[in-house]
Amino acid sequence: MTEIPIRCSAVSVVLLRKADIGHEVLLLRRNHTLIGEWCQIAGGIEDGEKAWEAALREVREETGLICNRLYSADICEQFYEADRDAIAMLPVFVGFVDSHATVVINHEHSEFRWVSFAAALKMVPFAGQRHVLKHVETEFVRREPVRHLLIDRASPAS
């Protein structure tokens, strides 16, 4: 019996900020893979790097932003990659940034938007992304995040 490999070599980050209308999600329009699609921050884990370190690095590289707080979302984004005949599993992180922080996107993206969760759910192309966004809204916006999910070493003060 042949098995489908499970690859866990990347992370996904839902970046949030407080706004007058509530919390907003940052979405980026992709330039290379999934050209033109709106997605949250994602990227590979480098050798010797912890997943949460990759999350912070990807946020900085893709947006120029620094997270005030970083949480494990306690969920994984997963999807089947037909070209690799593998299942990709990405641990999801939730980052909070200052409301007025300036976004500077890198070459991987053509534009960005801060949007409501309702708008984000309509913009992202995949059911797995919508599942993650609904989870993040429920567990990190509608209720106080579980303190055990906070990654202490990821805070700027540490």
Side-chain angles (χ1 to χ4, degrees), residues 6-45 50-82 86-106 108-151 154-155:
I6 297 175
R7 300 177 60 241
C8 186
S9 58
V11 297
S12 175
V13 185
V14 177
L15 209 56
L16 303 176
R17 74 173 185 183
K18 283 188 179 179
D20 294 337
I21 60 164
H23 283 81
E24 293 179 316
V25 179
L26 181 67
L27 293 182
L28 307 171
R29 183 167 261 169
R30 307 220 20 171
N31 268 343
H32 301 292
T33 57
L34 301 173
I35 296 169
E37 298 292 357
W38 290 98
C39 298
Q40 65 269 34
I41 296 163
I45 302 169
K50 291 176 175 56
W52 65 266
E53 292 171 329
L56 292 174
R57 179 183 48 74
E58 287 293 337
V59 167
R60 193 173 52 255
E61 287 177 2
E62 293 188 14
T63 69
L65 297 172
I66 304 293
C67 293
N68 294 332
R69 288 174 291 148
L70 184 72
Y71 292 87
S72 164
D74 198 28
I75 193 171
C76 287
E77 186 174 343
Q78 56 193 13
F79 49 90
Y80 174 72
E81 297 177 300
I87 296 170
M89 298 220 25
L90 289 69
V92 178
F93 295 89
V94 179
F96 288 86
V97 298
D98 288 334
S99 298
H100 301 293
T102 302
V103 177
V104 179
I105 55 174
N106 68 2
E108 297 175 49
H109 307 97
S110 59
E111 60 182 302
F112 72 91
R113 288 190 194 159
W114 286 105
V115 297
S116 68
F117 275 92
L121 290 170
K122 292 177 184 172
M123 293 170 69
V124 296
F126 300 112
Q129 289 173 298
R130 290 187 289 279
H131 177 71
V132 165
L133 288 170
K134 289 174 188 174
H135 172 81
V136 169
E137 182 179 28
T138 300
E139 299 298 328
F140 292 86
V141 173
R142 291 188 181 162
R143 59 181 290 170
E144 188 67 27
V146 175
R147 65 181 173 86
H148 302 293
L149 298 176
L150 179 66
I151 301 171
S155 68

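Along the sequence shown, residues are numbered consecutively beginning with 1. These numbers come from the heavy atoms of this one structure, side chains and all, not from hydrogens, waters or symmetry mates.
Two residues are said to be in side-chain contact when any heavy atoms from C-beta on lie closer than 4.5 Å; V141 and F117 meet this criterion. Between W38 and Q129 there is no side-chain heavy-atom pair separated by less than 4.5 Å. A heavy-atom distance below 4.5 Å is not found between the side chains of V14 and Y71. Between L16 and V25, some side-chain heavy-atom pair lies under the 4.5 Å cut-off. Taking the side chain as every heavy atom from C-beta outward, D74 and E139 never approach each other to under 4.5 Å. Residues F93 and V59 fail the side-chain proximity criterion, which asks for heavy atoms closer than 4.5 Å. Residues H23 and K18 form a side-chain contact, since some pair of their non-hydrogen atoms from C-beta on lies under 4.5 Å apart. Residues S9 and I45 form no side-chain contact, since every pair of their non-hydrogen atoms from C-beta on lies 4.5 Å or further apart.
Aromatic ring centres of F126 and F79: separated by at least 6.0 Å.
Residues meeting the side chain to side chain donor-acceptor pair (under 3.5 Å) test with E37, sequence neighbours left out: none.
Residues C39 and L34 approach most closely at SG-CD1, 4.3 Å, considering heavy atoms. G95 and C67 make their closest contact through CA-SG, 3.9 Å (heavy atoms, listed as atom of the first residue, atom of the second, distance). Considering every non-hydrogen atom in both S12 and Q40, the closest pair reads OG-NE2, 3.1 Å. Contact record, W114 with V103: NE1-CG2, 3.6 Å, taken as the closest heavy-atom pair.
In summary, R30 and E108 do not engage in a salt bridge, as defined by a charged side-chain N under 4.0 Å from a carboxylate O.
Residue K134 holds its NZ atom at 7.5 Å from CZ of R130, rounded to the nearest 0.5 Å. In this structure, CG in N106 is found 12.0 Å from CZ in R60, a value given to the nearest 0.5 Å. Note that NE2 of H109 is 10.5 Å distant from CG of L27, once rounded to the nearest 0.5 Å.
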